[in-house]
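Below: one structure, written as structure tokens.
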Amino acid sequence: MGVFDFLKKKKEPKYDVTNLSVKDLDEGFVFDYNLKSWVVKEVYQYDWGKNIFTKEYKIDSGDEVAFLSVSDNGELDLSITKSIKMQELGDGIREEIRKKEAPAELEYEGTKYLLDEDSAGYFNDVTAKSSEWEELISYDYLNEEETLCISITQWDERNFEASAGNVIQHFEISNITPDA
């Protein structure tokens, strides 16, 4: 610590500490959801083109890990998902996507899901402070009530990931506090 370090102005946060919202989340933040406290472990950003960006947070409650997706394109869309195995979505789904396109509907755990949108974009791991962006294609499915969701991400010809979870409302996330 230098002699005059106390004169340096502290860096101002990018958010209003008196009025934090889900759009302000960052690595180390803590929030309450579904009767648990969750810590934001990692931050990811997606660029879908046409100045459309979404964020995803890897969150940990101590006994489970999930992903919180935040999209704000005029309307705030949130979902909390967990990774699942591709084969849980049916035999041959990878080949079906590779050969032509994603199926218009899926069944998972007895629930029917309909393809909501497919989008090509780029992914960046903000937490790793990487300047590299990876290409991807995302296939998003919703159940008929639009309360449950499934996402399939295709990273390249052979590499796929899947997640399933719930569409949530912004008020379900509370007590947001920044990293101490």
Side-chain angles (χ1 to χ4, degrees), residues 1 5 8-48 52-86 88-89 108-109 111 113 116 119 121-136 138-143 146-155 159-180:
M1 184 166 161
D5 282 352
K8 290 183 182 174
K9 200 170 188 178
K10 281 190 171 180
K11 187 178 174 187
E12 291 295 318
K14 299 179 273 188
Y15 47 83
D16 177 1
V17 294
T18 62
N19 189 24
L20 290 172
S21 79
V22 71
K23 294 186 280 185
D24 298 315
L25 289 175
D26 205 349
E27 183 180 7
F29 276 49
V30 178
F31 63 88
D32 291 341
Y33 166 72
N34 204 19
L35 302 176
K36 290 184 180 184
S37 288
W38 297 82
V39 178
V40 176
K41 294 294 190 177
E42 296 177 12
V43 180
Y44 313 118
Q45 186 170 14
Y46 295 85
D47 180 349
W48 303 108
I52 298 171
F53 294 89
T54 58
K55 285 205 170 174
E56 183 178 55
Y57 304 93
K58 183 176 183 181
I59 57 176
D60 189 331
S61 69
D63 63 346
E64 61 183 315
V65 173
F67 296 90
L68 169 63
S69 176
V70 178
S71 174
D72 184 13
N73 298 317
E75 188 177 317
L76 194 59
D77 295 319
L78 306 173
S79 64
I80 291 191
T81 60
K82 293 182 184 176
S83 296
I84 60 172
K85 293 181 177 157
M86 281 293 293
E88 291 182 66
L89 299 176
Y108 174 68
E109 293 187 341
T111 301
Y113 292 81
D116 183 51
S119 306
Y122 296 91
F123 164 88
N124 178 262
D125 185 344
V126 176
T127 307
K129 296 177 180 24
S130 171
S131 60
E132 299 291 317
W133 288 79
E134 295 179 56
E135 287 185 62
L136 65 103
S138 177
Y139 304 95
D140 297 321
Y141 293 82
L142 294 169
N143 68 339
E146 297 186 358
T147 57
L148 301 174
C149 58
I150 289 178
S151 181
I152 298 172
T153 304
Q154 181 178 4
W155 295 100
N159 191 3
F160 291 83
E161 292 176 348
S163 60
N166 300 304
V167 175
I168 65 169
Q169 300 298 314
H170 68 91
F171 58 80
E172 294 180 70
I173 292 180
S174 61
N175 298 327
I176 299 171
T177 55
D179 187 12

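Quick caveat: nothing in here was measured; it's all calculated off a predicted structure.
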Please find the pair of heavy atoms, one from Phe31 and one from Leu68, that lie closest to each other, and give the distance.
CZ-CD2, 4.1 Å
Close side-chain approach of Tyr44 and Phe67, heavy atoms under 4.5 Å:
yes
Sub-4.5 Å side-chain heavy-atom contact between Ile176 and Asp24
no
Can you measure from OH (Tyr57) to OG (Ser69) and round to the nearest 0.5 angstrom?
9.5 Å
Salt-bridge contact Lys23-Asp72 (side-chain N to carboxylate O under 4.0 Å):
yes
Of all heavy-atom pairs between Gln169 and Glu172, which one has the smallest distance, and what is that distance?
N-OE2, 2.8 Å
Minimal heavy-atom distance between Val43 and Lys55, with the atoms involved, is CG1-CD, 4.4 Å
Measure from the side-chain N and O atoms of Thr153 to the backbone N and O of Ser138, and report whether any donor-acceptor pair falls under 3.5 Å.
no
Give the ring-plane orientation class for Tyr33 versus Trp38, where under 30° counts as parallel, over 60° as perpendicular and anything between as tilted.
tilted
Using a 3.5 Å distance criterion without hydrogens, assess whether the side chain of Asn124 forms a donor-acceptor pair with backbone atoms of Glu132.
yes
Just verifying a value: how many Å separate Leu78 CG and Phe171 CZ, rounded to the nearest 0.5 Å?
10.5 Å
Is there a side-chain contact between Asn166 and Thr147, using heavy atoms and a 4.5 Å cut-off?
no
Please report the closest heavy-atom contact between Asp60 and Gly62, naming both atoms and the distance.
OD1-N, 2.6 Å
Asp140 side chain to Cys149 main-chain N or O, any donor-acceptor pair under 3.5 Å?
no
Between NZ on residue Lys36 and CG on residue Asp63, distance to nearest 0.5 Å:
3.5 Å
Cut-off 3.5 Å, side chains only: do Glu134 and Trp155 have a donor facing an acceptor?
no
Minimal heavy-atom distance between Ala164 and Ile150, with the atoms involved, is CB-CG1, 4.0 Å
CG/Asp125 to OG/Ser131 distance, rounded to the nearest 0.5 angstrom?
11.5 Å
Could you check if a side-chain atom of Ile80 sits within less than 4.5 angstrom of a side-chain atom of Ile59, using non-hydrogen atoms only?
yes
Could you grab the distance from atom NZ of Lys41 to atom CD of Glu27, nearest 0.5 Å is fine?
9.0 Å
Hey, does the side chain of Asn143 reach the backbone of Leu148 with a donor-acceptor pair shorter than 3.5 angstrom?
yes
How long is the straight-line distance from CD of Glu56 back to OG of Ser79, given to the nearest 0.5 Å?
8.0 Å
State, yes or no, whether a side-chain contact exists between Ile84 and Leu89 at a heavy-atom distance under 4.5 Å.
yes
For Tyr122 against Leu136, the heavy-atom pair lying closest together:
C-CD2, 3.9 Å
